[in-house]
Amino acid sequence: QVQLVESGGGLVQPGGSLRLSCAASGSIFSIYAMGWYRQAPGKQRELVATITSGGSTNYANSAQGRFTISRDNVANTVYLQMNSLKPEDTAVYYCNALVRVRVVGDTRNYWGQGTQVTVSS
């Protein structure tokens, strides 16, 4: 139906940078919004950043000033540029999309499988 595939995670030293990508595919009529969430070991999943079809963005307090979310509407892809990374940013990062499904005709949330980000020296 609709699939989200994340990439770009890995191991980085504190202060370093990573760029995450998430590509959506399948029976998509339109995507209203896309975003990134993360889940650290032993903690609940939390919102990192979102971006709407109109380009409006919002960030978690922990991400604001260091992370930048962007998108390519033609490719149905969302990016998360992460700078000045801290050990506290270590988590599995999940892509989310609010999608109007072509076949079903309704609006649903979809999740990617996650990509690991580890910040350590």
Side-chain angles (χ1 to χ4, degrees):
Q1 190 179 28
V2 176
Q3 300 82 39
L4 304 179
V5 179
E6 302 102 331
S7 62
L11 175 64
V12 64
Q13 292 186 338
S17 298
L18 284 174
R19 183 176 175 87
L20 306 183
S21 300
C22 172
S25 62
S27 301
I28 299 171
F29 184 83
S30 63
I31 299 179
Y32 296 116
M34 300 185 77
W36 291 94
Y37 292 70
R38 68 186 182 187
Q39 187 166 19
K43 297 185 178 181
Q44 291 184 313
R45 188 173 300 185
E46 64 177 357
L47 183 147
V48 178
T50 61
I51 185 167
T52 69
S53 60
S56 298
T57 60
N58 73 291
Y59 297 88
N61 290 334
S62 60
Q64 194 165 18
R66 300 186 297 123
F67 296 0
T68 302
I69 189 169
S70 61
R71 68 179 188 179
D72 181 340
N73 289 335
V74 175
N76 287 329
T77 301
V78 65
Y79 306 93
L80 185 68
Q81 178 67 47
M82 303 187 293
N83 299 324
S84 302
L85 283 162
K86 306 174 181 179
E88 307 92 270
D89 296 317
T90 296
V92 177
Y93 284 70
Y94 296 92
C95 178
N96 174 264
L98 183 61
V99 179
R100 183 177 179 182
V101 181
R102 182 179 299 276
V103 177
V104 178
D106 59 357
T107 301
R108 298 179 179 179
N109 271 300
Y110 291 90
W111 292 92
Q113 81 287 348
T115 184
Q116 177 70 50
V117 172
T118 302
V119 184
S120 176
S121 59

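Start at 1 with the first residue, then count along the sequence.
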Taking C-beta and beyond as the side chain, do [X] and [Y] meet within less than 4.5 Å on heavy atoms?
X     : Y      : answer
Pro87 : Pro14  : yes
Phe29 : Asp106 : no
Val78 : Ile69  : yes
Gln13 : Leu85  : no
Arg19 : Ser7   : no
Leu20 : Thr115 : yes
Gln81 : Ser17  : yes
Asn76 : Ile31  : yes

Quick check: is [Y] connected to [X] through a chain of hydrophobic side chains (ILVMFWY, heavy atoms under 4.5 Å apart)?
X      : Y     : result
Val119 : Phe67 : yes
Trp36  : Tyr59 : yes
Val117 : Tyr79 : no
Leu80  : Leu98 : no
Met34  : Tyr94 : no

| request: Take Val101 and Thr107 through the side-chain contact (heavy atoms from CB on, under 4.5 Å) test and state the conclusion after the steps. | output: CA-CA 6 Å; Val101 181; Thr107 301; over 6 Å; no
Do [X] and [Y] have a side chain donor and acceptor closer than 3.5 Å?
X     : Y      : answer
Arg38 : Tyr93  : yes
Glu6  : Gln113 : yes
Gln3  : Tyr110 : no

| Which atom pair, heavy atoms only, marks the closest approach of Leu4 to Cys95? |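 Scanning both residues, the minimum pair turns out to be CD1-O, 3.7 Å.
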| Non-hydrogen atoms of Ser27 and Val103 that approach each other most closely |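 Scanning both residues completely, I find the closest heavy atoms to be OG-CG2, 4.0 Å.
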| Does NZ or CZ of Arg100 come closer than 6.0 Å to the centre of the six-membered ring of Tyr32, within 45° of the ring's axis? |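 Cation-pi check for Arg100 and Tyr32: fails.
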| said: Could you go through Val92 and Gln116, starting from their C-alpha distance and side-chain angles, then the distance that decides it, and tell me whether this counts as side-chain contact (heavy atoms from CB on, under 4.5 Å)? | reply: CA-CA 4 Å; Val92 177; Gln116 177 70 50; 3.3 Å; yes
| message | Within this structure, what is the CG-CG distance for the pair Asn96 and Leu47, rounded to the nearest 0.5 Å? | response |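 Between atom CG of Asn96 and atom CG of Leu47 there are 8.5 Å.
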| request: Working to the nearest 0.5 Å, report the span between CG of Leu11 and OG of Ser120. | output: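 Nearest 0.5 Å value for the CG-OG distance: 6.5 Å.
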| task | Taking Thr90 for its side chain and Glu88 for its backbone only, find out whether a donor-acceptor pair lies under 3.5 Å. | result |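 No, because the side chain of Thr90 does not come within donor-acceptor range (under 3.5 Å) of the backbone of Glu88.
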